[in-house]
Q: 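Mind having a look at this structure? Questions to follow.
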Amino acid sequence: MKKIETEFLIIGSGPGGAAASERLLNSKKEVLMIEEGSDFSCNSFKLNPTDEMLNMWKDAALSPAFGIPSITYAEGKCVGGGTEINSGIIQRVPEEVLNSWSKLSKIDGEYYLKAIHEDYDFIEKKLNASILQDRRNMHSEMLKKVAGLNSWKIDSLPRALKGCTCYEPLCNCGGRQSMTKTFLEDAKKDNAFKLESNTKAIKINFKKNKALSVLAEKKINNTKEKIEIHFKHLCLSAGTINTPFLMMKSGLNFKGLGNFQLHPTIRVLARFKENIEAMKERLPDVAITEFMPHIRFGGSVVSPAIFGMNLSESWEKRSHLANKLNNLASYYVMIKPLSWGKISKFAFINSPFVSYRLKKEDFSNLNKGLIELSKGLFELGALEVHPSIKNHEGWFSRKDLDKNEPVNKIRKKFNLMSIHLFSSCSPLNNFENLLDFGRVKKVKNLFIADGSTLINAPGVNPQATIMAVSRRNAESYLEKVNG
Ligand SMILES: Cc1cc2nc3c(=O)[nH]c(=O)nc-3n(C[C@H](O)[C@H](O)[C@H](O)COP(=O)(O)OP(=O)(O)OC[C@H]3O[C@@H](n4cnc5c(N)ncnc54)[C@H](O)[C@@H]3O)c2cc1C
C-alpha cells in the first residue's frame, strides 16, 4: 500500500476546509488536502446541467433525510465542495442569533460578539461579496414590491460574483467566486500545499488519544488505489453529514454526535400576467426578513427542470402551466427549525442513515410562511399560486387561502428540501466531548472545520459563517500547536 506523510491532513475541500487551509498555510505549515470528488477547476468546458448534477453533486442532489415527510437535501461533491454548485449568497448571522450563540458557548462566547465580524470582513473581501445592479431584474423587483405593499422588512443578498455577464440564475460564465476561484487557487500556488482529488478518506486510525493515520482510496480511471496517510495533525472538513459519519465509522462515537439541523424549505410557484422570464435573470438579490429569525422568504433558482418538478407535484392541476413558463416566478419559504435530525451509522452499511422529524411548531411556521407569502403574491397581481404540496388544488385568489386545509392534515404531503445543513458536531449536543473551537475531547491532534461545528441553525445562508468559524477553529488550534 502506498504511504504518504504530511504535517497537516485536511479531509474535504469545501469552504470549511479551504478557510482552514488558508490559516495553516499562512502559518507556514505543510498541508495535504484530500477530496472525494473530482477537480473541475481547470476545465474550460461547461458541464451541462445533467452532467453537473451527476459529477459535482452528492447523490445527484437526491439524498433523503427520512421522516414524515422526508426532506430531500443536497450537497456538493467535488473540489471546492458546495461552493462550486451554490448560489454564492454571502450573509452574516443576525445579531440576535449571534447573541444566543454567545450565551450557549461554554468557552468562546466572546467570539460571536466581536471577532467573528473581522473574519466576515476578510471573507467578504476575498470573495468579492457584492450586489450587481447592472440591469433591471424583474424577478427581484417583484419580491421588493411584495415587501413594499406589506411594509415588510427586506435584506439584500450580496453574492460572491466577479465580472459575471451571463444573467443566469446561478452564474455560469465563470464569475462565481467559489473556492477553486479564490482560496484554493491561492493555496495551489504555495509549495507547502498539495491537493489530491478523487481521494476518499475511509477510516481514521486512532491510538490512545491521538489520530495516527487515515486509510484513503484514490480513484484512478476504474481502479481504486489504497493509500495510508500519516500526519501530525488532522482537520476534518468533510461536511455536516460526512464528518461525524467518518468519526463513527472509525470507532469514535458518543451521545449527541450526529444530531444536526437543516433549514427546511418549501417552494411556491406563482403565475403572473406579465412576462417575467425568471430563467433569464440572476437570482433575486433580496429576501423578505419580516418574520425572521424563524421564517424567511426569497426568490428561488428557476430552470426548466425545476419547473418540471414543481408541475409534476400536482400534474392535473398544474399541467396548463407547462406552456407559460415565462409567466412563472418561483419563491421559497425557509425556516429556522426547532427540531433536530440524526445521522447514524449502522453495522455493515457504508453510508450514513439520515433522519429528520419536524416539530409541530416547524410545520406551523412553514404554513404561516406559505400563507403570508401567497397573500403578498396575490396583492401583487398573481393569477394563481401553487405551493410545493403534493396533489394540492392550487390557490386562485386570496379567498382560497382561507379555505386551506389545517396544516396537521396536509403536512405529510409537504414536498420539503434543504441545501443548508449544520451543527452535527455542535457542543450543544454533548458539552463533555464536543468542545468549542471544533475540538474533540478524546483526540488531542484533531480539529473540525466545516458546517458541523455551527452551534445551531443560523437562519440565513451559512457559507460565510462556516468559513468564519473554520478560520477561528484553525487559528485556535495553531495557537495550541505553536504553544
Ligand atoms: C444548491 C446549493 C445552493 C446553496 N447556496 C448557498 C448560498 O447561496 N449561500 C450559502 O451561504 N450557502 C449556500 N449553500 C450551502 C453551502 O454551500 C454549504 O453550507 C457549504 O458548502 C458547506 O460547507 P462545508 O465545508 O461544511 O461542506 P461541503 O461544502 O459539503 O464540503 C465538504 C467536502 O468534503 C468532501 N468529502 C466528504 N466526505 C469525504 C471523505 N470521506 N473523504 C474526502 N472528502 C470527503 C465532499 O465531497 C465535499 O466536497 C448552498 C448549497 C447548495 C447545495
Side-chain angles (χ1 to χ4, degrees), residues 9-21 33-39 52-53 56-59 61 63 72-93 123 127 129 157-161 169-171 176 178-180 183-184 195-204 214-219 229 235-247 249-250 260 262-263 265 283 287 298 300-301 306 334 350-352 417-425 448-454 458 460-467 469-470:
L9 173 66
I10 302 182
I11 300 176
S13 66
S21 72
M33 176 180 271
I34 60 171
E35 164 58 50
E36 177 182 2
S38 303
D39 189 348
E52 187 183 302
M53 286 257 177
M56 300 175 80
W57 297 57
K58 187 131 191 127
D59 304 328
S63 313
T72 309
Y73 66 88
E75 293 175 297
K77 193 187 87 175
C78 56
V79 172
T83 68
E84 307 302 313
I85 56 167
N86 76 12
S87 328
I89 292 170
I90 298 299
Q91 276 202 291
R92 297 187 184 203
V93 171
I123 291 155
L127 301 182
L157 301 177
R159 290 179 64 193
L161 287 179
L170 292 180
C171 168
R176 181 176 14 197
S178 62
M179 290 306 107
T180 58
F183 283 73
L184 295 179
L195 171 71
E196 291 285 351
S197 56
N198 298 311
T199 305
K200 178 175 180 174
I202 306 294
K203 193 177 171 212
I204 309 165
V214 160
L215 175 67
E217 247 173 25
K218 185 169 179 75
K219 257 202 232 158
I229 308 170
C235 168
L236 295 183
S237 301
T240 294
I241 303 291
N242 283 298
T243 284
F245 184 64
L246 184 59
M247 288 161 74
K249 263 202 331 188
S250 310
F260 79 109
L262 45 71
H263 286 151
T265 305
L283 198 61
S300 282
V301 173
I306 290 174
M334 176 183 104
N350 238 345
S351 312
M417 43 86 72
S418 184
I419 49 177
H420 300 160
L421 318 163
F422 14 74
S423 312
S424 53
C425 300
I448 304 169
D450 61 22
S452 64
T453 66
L454 297 199
V460 297
N461 301 64
Q463 180 188 325
T465 308
I466 290 172
M467 296 186 75
V469 167
S470 297

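Both ligands and their constituent atoms are indexed starting at 1 by order of listing.
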Q: One residue to check: Ile90. Relative to ligand 1, which of side chain, backbone, both or neither has a non-hydrogen atom less than 4.0 Å away?
A: neither
Q: Measure the OG-CD1 distance between Ser21 and Ile10 for me, rounded to the nearest 0.5 Å.
A: 5.0 Å
Q: Counting only heavy atoms closer than 4.0 Å, does ligand 1 sit against the backbone of Asn461, its side chain, both, or neither?
A: both
Q: Hey, is Ile89 touching ligand 1 through its side chain, its backbone, both or neither, going by heavy atoms under 4.0 Å?
A: both
Q: Name the option, out of Ala61, Gly88, Pro15, Gly16, that contains the heavy atom nearest to atom 20 (C) of ligand 1.
A: Pro15
Q: Before giving the answer on side chain to side chain contact (heavy atoms under 4.5 Å, CB included), spell out for Leu127 and Met179 the whole-Å C-alpha distance, their side-chain angles and the decisive distance to 0.1 Å.
A: CA-CA 9 Å; Leu127 301 182; Met179 290 306 107; 4.0 Å; yes
Q: Kindly compute the distance separating CH2 (Trp57) from SG (Cys78), expressed to the nearest 0.5 Å.
A: 10.5 Å
Q: Hey, which atoms in ligand 1 end up nearer than 4.0 Å to a heavy atom of Gln463?
A: 10 (C), 11 (O), 12 (N)
Q: Among Leu283, Asn242, Val301, which residue places a heavy atom closest to atom 38 (N) of ligand 1?
A: Asn242
Q: Atoms of ligand 1 less than 4.0 Å from Gly239 heavy atoms?
A: 26 (O), 27 (O), 32 (C)
Q: Is Thr240 reaching over with its side chain to a backbone N or O of Leu421, donor-acceptor style, under 3.5 angstrom?
A: yes
Q: Ligand 1 and Ser87, any nitrogen or oxygen pair closer than 3.5 angstrom?
A: yes
Q: At less than 4.0 angstrom from any non-hydrogen atom of Pro462, what atoms of ligand 1 do you find?
A: 10 (C), 11 (O), 12 (N), 19 (O)
Q: Looking at non-hydrogen atoms alone, which of Glu217, Gln91, Glu35 comes nearest to atom 33 (C) of ligand 1?
A: Glu35
Q: Kindly compute the distance separating CE (Met56) from OG (Ser38), expressed to the nearest 0.5 Å.
A: 9.5 Å
Q: By the salt bridge (charged side-chain N to carboxylate O under 4.0 Å, His left out) test, which pairs, at least two apart or in different chains, include something from residues 75-92?
A: Arg92-Asp121, Arg92-Glu124
Q: The criterion is salt bridge (charged side-chain N to carboxylate O under 4.0 Å, His left out); which residues satisfy it with Glu36, sequence neighbours excluded?
A: Lys58, Lys200
